[in-house]
Student: 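Attaching a single structure in structure tokens format; questions to follow.
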Amino acid sequence: MPRRKLSTRKQIHYDPVFNSSVIFKLINGVMKDGKKSTAEMIVYGAMEVVKEKTKEDPLKVVLKAIDNVRPHVETRSRRVGGATYQVPMEVRKERSFSLGIRWIVVHARERGGKSFQEKLMGEILDAYSKKGGAIKKKETVEKMAESNRAFAHYRW
């Protein structure tokens with residue numbers, strides 16, 4: 001029995017155009033300095049260009065791109081007897097979606113291009129086709145977890 005009150009889940013919000021919680025989180029990830037309308041214009045503009053280039057539903061393309069990027073295993077630091085070990089652990093679904101969105105936005109910001117909308121569109125298309133910076137980040141995280149598999153017995 002916990003001593004404190006149980007935490008409650010946050011209410012899930014949906015974006016007005018696609019009625020998707022993932023797109024809502026993507027817009028919030030792109031947003032800077034509270035300028036949500038600008039972030040919405042960037043994300044929806046990038047999705048329009050994705051629709052023109054792939055001739056598919058942009059929501060499905062973005063969801064597939066995030067699904068390709070999100071990690072399944074990561075390492076967490078665990079201190080045991082004075083030594084710190086990188087212990088591989090499975091990633092919760094909510095966290096893996098958050099990491100996938102964050103990595104796509106971060107690597108889109110690092111890309112070369114004219115506008116952020118074009119950068120975001122390029123990173124989404126690269127993640128959809130399983131290449132690009134966000135996919136490399138996922139591979140390094142999962143490779144790190146694989147190389148530290150010997151410490152898996154330190155899970156708690």
Student: Asn68 and Lys130: which non-hydrogen atoms are nearest, and at how many Å?
Tutor: OD1-CE, 3.5 Å
Student: To check you understand the geometry: which heavy-atom pair defines the closest contact between Ala145 and Val73, and what is its length?
Tutor: CB-CG1, 3.4 Å
Student: Measuring only between side-chain heavy atoms, which start at C-beta, is Lys51 closer than 4.5 Å to Val61?
Tutor: no
Student: Do Leu26 and Phe24 belong together in a cluster built from hydrophobic side chains that touch within less than 4.5 Å?
Tutor: no
Student: State the OG-CD1 distance between Ser98 and Ile66, to the nearest 0.5 angstrom.
Tutor: 10.0 Å
Student: Under 4.5 Å between side-chain heavy atoms, hopping through other hydrophobics if needed: is there a path connecting Val87 to Val80?
Tutor: yes
Student: Is Val50 close to Leu125 at the side-chain level, that is, under 4.5 Å between some pair of heavy atoms?
Tutor: yes
Student: To the nearest 0.5 Å, how far apart are CD1 in Ile135 and CH2 in Trp103?
Tutor: 9.5 Å
Student: To the nearest 0.5 Å, tell me how far Leu6 CG sits from Arg4 CZ.
Tutor: 12.0 Å
Student: Tell me the closest heavy-atom pair linking Gly29 and Val105, and the distance in Å.
Tutor: O-CG1, 3.7 Å
Student: Please determine whether residues Val141 and Ile101 belong to a single hydrophobic cluster, defined as Ile, Leu, Val, Met, Phe, Trp and Tyr linked transitively by side-chain heavy-atom distances below 4.5 Å.
Tutor: yes
Student: Is the closest side-chain heavy-atom distance between Glu56 and Tyr128 below 4.5 Å?
Tutor: yes
Student: Walk me through whether Lys25 and Asp15 qualify under salt bridge (Lys or Arg N to Asp or Glu O under 4.0 Å).
Tutor: CA-CA 9 Å; Lys25 289 178 185 177; Asp15 78 296; over 6 Å; no
Student: Take Lys93 and Arg70 through the side chain to side chain contact (heavy atoms under 4.5 Å, CB included) test and state the conclusion after the steps.
Tutor: CA-CA 9 Å; Lys93 189 175 181 180; Arg70 66 189 193 101; 4.1 Å; yes
Student: Determine the minimum heavy-atom distance between Arg76 and Met89, stating which atoms define it.
Tutor: CD-SD, 3.9 Å
Student: Distance from Lys131 atom NZ to Asp126 atom CG, nearest 0.5 Å?
Tutor: 5.5 Å
Student: Check whether any side-chain heavy atom of Glu110 sits under 4.5 Å from a side-chain heavy atom of Lys119, and report yes or no.
Tutor: no
Student: In sequence, state the C-alpha distance, the side-chain angles, and the governing distance for Arg109 and Lys32, and then conclude on side chain to side chain contact (heavy atoms under 4.5 Å, CB included).
Tutor: CA-CA 12 Å; Arg109 282 196 164 89; Lys32 276 188 162 182; 3.5 Å; yes
Student: Are Val17 and Ile124 connected, step by step, through hydrophobic side chains (Ile, Leu, Val, Met, Phe, Trp, Tyr) whose heavy atoms are closer than 4.5 Å?
Tutor: yes
Student: Looking at every non-hydrogen atom in both residues, tell me the closest pair between Pro71 and Ser96 and how far apart they are.
Tutor: O-CB, 3.3 Å
Student: Do Asp67 and Leu63 have side chains that approach each other closer than 4.5 Å (heavy atoms only, starting at C-beta)?
Tutor: no
Student: Run the side chain to side chain contact (heavy atoms under 4.5 Å, CB included) test on Leu120 and Ile104 for me, step by step, so that the C-alpha distance in whole Å, both residues' side-chain angles and the decisive distance to 0.1 Å come before the verdict.
Tutor: CA-CA 8 Å; Leu120 182 64; Ile104 286 176; 4.2 Å; yes
Student: Side chain of Glu40, backbone of Ile27: donor and acceptor closer than 3.5 Å?
Tutor: no
Student: Quick one: pull up CE in Met121 and CD in Gln117 and give me the separation to the nearest 0.5 Å.
Tutor: 8.0 Å
Student: Does Arg78 qualify as a cation-pi partner of Tyr85, given the criterion of NZ or CZ under 6.0 Å from the six-membered ring centre and within 45 degrees of its axis?
Tutor: no
Student: Counting heavy atoms not belonging to Lys36, are there more than 12 under 6.0 Å from its NZ?
Tutor: yes
Student: Please answer whether the main-chain N or O of Glu52 pairs with a side-chain N or O of Lys55 as donor and acceptor at a distance below 3.5 Å.
Tutor: yes
Student: Counting C-beta onward and ignoring hydrogens, is there a side-chain heavy-atom pair between Leu59 and Val22 closer than 4.5 Å?
Tutor: no
Student: Quick test of your reading of the model: are Glu139 and Lys137 salt-bridged, counting only N-O distances below 4.0 Å?
Tutor: no
Student: In plain terms, say whether Glu74 and Arg95 are close enough for a salt bridge, that is, a side-chain N and a carboxylate O under 4.0 Å apart.
Tutor: yes
Student: Treat each ILVMFWY residue as a node, draw an edge where side-chain heavy atoms are under 4.5 Å apart, and state whether Phe116 and Val49 are in one component.
Tutor: yes
Student: If I take atom CZ from residue Arg92 and atom CG from residue Leu99, how far apart are they, to the nearest 0.5 angstrom?
Tutor: 10.0 Å
Student: Check step by step if side chain to side chain contact (heavy atoms under 4.5 Å, CB included) holds for Phe18 and Tyr44.
Tutor: CA-CA 10 Å; Phe18 293 97; Tyr44 294 142; 3.9 Å; yes
